[in-house]
Amino acid sequence: MLSIRQSVYLVLLFSLGSCTALATNTEHHKYGTLNNDEYDRPGLTIDDDIMNMVGKMSVEEKIGQMTQINQDLVLGTDGVLNRTAVEYYAKNYYVGSYLNQLAVDGKNYDAADYAKIIEEIQEITLSVNSTFKIPIIYGLDHIHGAHYVANTTIFPHGINLAASFNPQLAYESASITARDTRAAGVQWSFAPVLDIPVNKQWPRVFENFGEDPHLSSVMGVASIRGYQGKYKTDRTKVAACMKHFIAYGAPYSGQDRDSTVVSERTIYDYFVPGFQAAIDAGVATAMESYIDINGEPVVSSKKYLRHLLRDQMKFGGMLVTDWQEIENLHIKHMVAATHKEAVRMAIADTSIDMSMVPYDVIFFDSMMELIKEERLSMERVDESVARLLQLKKDVGLLEPNGWKADPKLQAMVQNDNDVKVAIDAARESLTLLKNENTALPLMKETVQRVLVVGPTGNNLGHLSGGWTIQWQGPAEDAWHGKVSDEQFYDNGISILEGIQNNAPEGVEIEYIQGFTIDGDDYNMDLLLEKAKDFDAFVVCVGEHVYSELPGNIHDLTLPQGQIDNVDRLSRLIGNNKPLITVLLEGRPRVLNSIHDNSNAILQAYLPGPWGGQAIGEVIFGVTNPSGKLPYTYPKYAGDTTLNYWRSANDIWDPLYEFGHGLSYSSFEYSNITVDGLFDTDDTQYLFAGGMEREVSVNITNTSPVDGKETIMMFIQQPFRIITPPAKLLKAFQKVLIPAGQTVNVRFTIDANLFRYTGIDGVPQDTIDSGLAKILIADQEFELEIVNNDK
């Protein structure tokens, strides 16, 4: 293993919008400097050949293209394809799309197995007489690797990539995911997830890129470019899908799929930016949200799915519903008295193109009736069918044999470079929250025996979380802790193994679980009896494996039994032996006494099955931690909606702030300037509509250890017409700073950074004149904004 001083780090430049970041020791990476024109994107117009196809199709064929059904309608519980069922849905309903994992009853299929089943569906579909032989498009929720396909590389979840503050890792992991997905005969991935997780109790926090709009935008764009690239010609790429449009991450109750109560200003200023960046980057598809906003279901909202998404944001791609959402207008949202009325509301009033039905053909039947009753126009249907067929053309499905998987791609699955990217992403995401008296890294000189403790310390499932192998993760029963590592086929490294791999020669490592994920006793007495024989303790705690609704909780606090057992261990060993806590959690769980009882706390989030290697490296100093919190970590269970961009007058008492993260290096910031000028008595102006200005700051590594530091530039306007946020991130850059050296980092700013949605409600249309600040660590520079139009 490389030491910290020997490690070679990638230095990345990434810019978005009007913010750019430059460092004196940084080279432009090809990804950071590519123009948008070098990526394909869906157009706002449809190709002529596609329009000709639409004009010749029957009504039934068109509605079939808009229909997506679940694989279990044609796949038996034994994993055998029901060819008769496929033919039935193709011949009678012209079904245009299937979705979901093919693994059933513990059977896991590799890329070749997947491709064989999907190609069989394609062959049967194409054999049915119709105006055109149109293949189905298959979709999977591949959000952190092609994780439904056996033996592919599973990556850290989105929240880890956000914590890395390294868009290159998001790009590379998405690129590999796209290739492995395509190897399985699948052309469409329901990713990236671009919700802003405002409510930390929400069980989908881990799928996202954190609570900050700018960070989410940057990571989202990087992921989309990785998934798609030049997807209209490059058959290693898939169609990406930005989801979930919109405001899904702020459920009023904290429970998944519950109502969102939020202002229009919050939607425009915090939820829209990430989706707008995705559209500008050319995302091919979008998925709407499960929720209602202030009582208005998104799935039937002309306001959000027509006026905002299409007219204002100029999205030209294909829009699919989430699971059963049109039917939910009748059975859950309670705004449609019948299913047929639900279909009319969702299709006639919005720009939805495809219904994820998913269990029956009731959507098809309702559509046919609505058209016969002239309650739904053919012009509206043709609009969606054109976008659907354009998507199929763009991903190559309409080419001869374009639906067949490439065996060459299957041979590339799980290669050494893919695993390295997964481990690198885990390395750069690990966030050292606390390191009292330099408890970490553990040193051979003071530690000869280390005891690994806790329910998440010796399995791959808790490293990986939900959306891994199965929807609810690699567990026989996630809520009872029966996590099965057999499904990983030895593709991964547990925390215990990672610590063993990285321990200096002569240092002994042992494992005693002590307690379960629920906090129940599991040989805890044995652990306490043997504790006196060890010099240091690595306690691995965290959450159940879960996703979506099954992950709902009513209290952010970690299970009390976990807290109590850590307390028992801490009281026994006293203050003379380091207790290191490793957190494996999809959302920030309140720690209570675990925080005070721990000499060091390492937030690992959900780093994937290879994450144990990265954790072991950090614990022994092989890797210098460089992750930063992509969300605010609450101190109290009631602070579920505590975000750093809160209104400036709100009460603020988090455990750790957004952007917090320690290093084995120490960094000193100095000499912040704007256009080379230090803050002086002379007023510096920033004119609305005026020229850009350059912010510069020096960062010195004052330690003997090389380290990576994420330099974050925030803006602050102390006074404006609408109560301002405390501050807002507008640019960041992660750089390697060798021991004892100084780098100069520069950001470009203009008055547009201070735009927001004002009193008149016009999105992002207001810039208030007055005092403004640029904040970088402990450095700040004051300017005066001048907007002569206001």
Side-chain angles (χ1 to χ4, degrees), residues 16-19 158-159 162-163 165 194-202 205 208-220 246-252 254 260-277 587-588 628-636 639-661 710-732 747 749 752-758 763-768 770-777 780 785:
L16 182 71
S18 60
C19 299
I159 202 65
F165 279 80
L194 299 178
D195 309 306
I196 298 296
V198 171
N199 196 313
K200 304 304 182 295
Q201 188 173 300
W202 187 47
V205 170
N208 290 268
F209 295 126
E211 73 182 33
D212 177 72
H214 179 73
L215 175 60
S216 184
S217 297
V218 170
M219 291 297 179
I246 194 170
Y248 183 24
Y252 192 70
T260 290
V261 180
V262 67
S263 71
E264 291 297 295
R265 181 175 295 107
T266 300
I267 289 174
Y268 289 135
D269 291 355
Y270 298 99
F271 294 111
V272 164
F275 290 103
Q276 187 64 68
R587 56 199 152 192
K628 303 288 186 181
L629 278 177
Y631 50 55
T632 302
Y633 205 114
K635 184 186 299 182
Y636 307 105
D639 289 343
T640 59
T641 56
L642 199 66
N643 299 284
Y644 89 91
W645 43 259
R646 76 209 184 278
S647 293
N649 60 346
D650 284 356
I651 292 173
W652 181 242
D653 188 20
L655 183 64
Y656 293 108
E657 293 193 31
F658 170 89
H660 172 77
T710 299
I711 297 89
M712 304 181 196
M713 186 192 77
F714 295 88
I715 63 165
Q716 182 186 80
Q717 196 165 13
F719 306 97
R720 68 180 197 188
I721 294 173
I722 298 292
T723 301
K727 60 182 180 179
L728 274 176
L729 181 71
K730 290 296 181 179
F732 64 87
F747 301 103
I749 64 170
N752 286 320
L753 298 184
F754 294 87
R755 284 190 179 277
Y756 70 100
T757 302
Q764 292 279 303
D765 190 51
T766 299
I767 301 176
D768 288 335
L771 176 65
K773 296 182 178 182
I774 304 297
L775 309 175
I776 302 177
E780 71 173 52
I785 295 178

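Sequence positions, counted from 1, serve as the residue numbers for this chain.
Under the 4.5 Å side-chain criterion, counting only non-hydrogen atoms from C-beta, Phe732 is in contact with His214. By the 4.5 Å heavy-atom criterion applied to side chains, Val198 and Glu211 are not counted as neighbours. The shortest side-chain heavy-atom distance between Thr632 and Glu657 does not fall under the 4.5 Å cut-off.
Atom-to-atom distance recorded for Ile711:CD1 and Ile776:CD1 is 8.5 Å, nearest 0.5 angstrom. Atom NZ of Lys730 and atom CG of Leu775 lie 13.0 Å apart (nearest 0.5 Å). Taking CD of Glu264 as the start and CZ of Phe271 as the end, the distance is 11.5 Å to the nearest 0.5 Å. Rounded to the nearest 0.5 angstrom, Leu729 CG and Phe714 CZ are separated by 5.0 Å. Taken from NZ in Lys628 to CG in Leu215, the straight-line distance is 13.0 Å, to the nearest 0.5 Å.
A cation-pi arrangement is present between Arg720 and Tyr756, with the terminal nitrogen or guanidinium carbon under 6.0 Å from the aromatic centre and inside a 45° cone about the axis.
Judged by distance alone, with hydrogens and angles left aside, the side-chain atoms of Lys727 form no donor-acceptor pair with the main-chain N or O of Ile715 at under 3.5 Å. Proximity of a side-chain donor or acceptor of Ser216 to a complementary backbone N or O of Asp212 within less than 3.5 Å is not detected.
For the residue pair Thr641 and Asn199, no side-chain donor N or O sits within less than 3.5 Å of a side-chain acceptor on the partner. Residues Gln717 and Asp768 bring no donor and acceptor atom of their side chains to less than 3.5 Å of each other.
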Could you go step by step and tell me if Phe209 and Val218 meet the side chain to side chain contact (heavy atoms under 4.5 Å, CB included) rule?
-> CA-CA 9 Å; Phe209 295 126; Val218 170; over 6 Å; no
Should Ile267 and Val272 be marked as a side chain to side chain contact (heavy atoms under 4.5 Å, CB included) after you check the CA-CA gap, both sets of side-chain angles, and the distance that decides it?
-> CA-CA 6 Å; Ile267 289 174; Val272 164; 4.1 Å; yes
So Tyr644 and Leu629, side chain to side chain contact (heavy atoms under 4.5 Å, CB included) or not? Walk me through it.
-> CA-CA 11 Å; Tyr644 89 91; Leu629 278 177; over 6 Å; no
Under the side chain to side chain contact (heavy atoms under 4.5 Å, CB included) criterion, do Ile774 and Met713 qualify, and how do the steps go?
-> CA-CA 7 Å; Ile774 304 297; Met713 186 192 77; 3.7 Å; yes
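Trp645 and Tyr270 have parallel rings, their planes meeting at less than 30° on a 0 to 90° scale where 60° marks the start of perpendicular.
Residues satisfying the side chain to side chain contact (heavy atoms under 4.5 Å, CB included) test with Arg646, not counting sequence neighbours, are Asp650, Trp652, Ala726.
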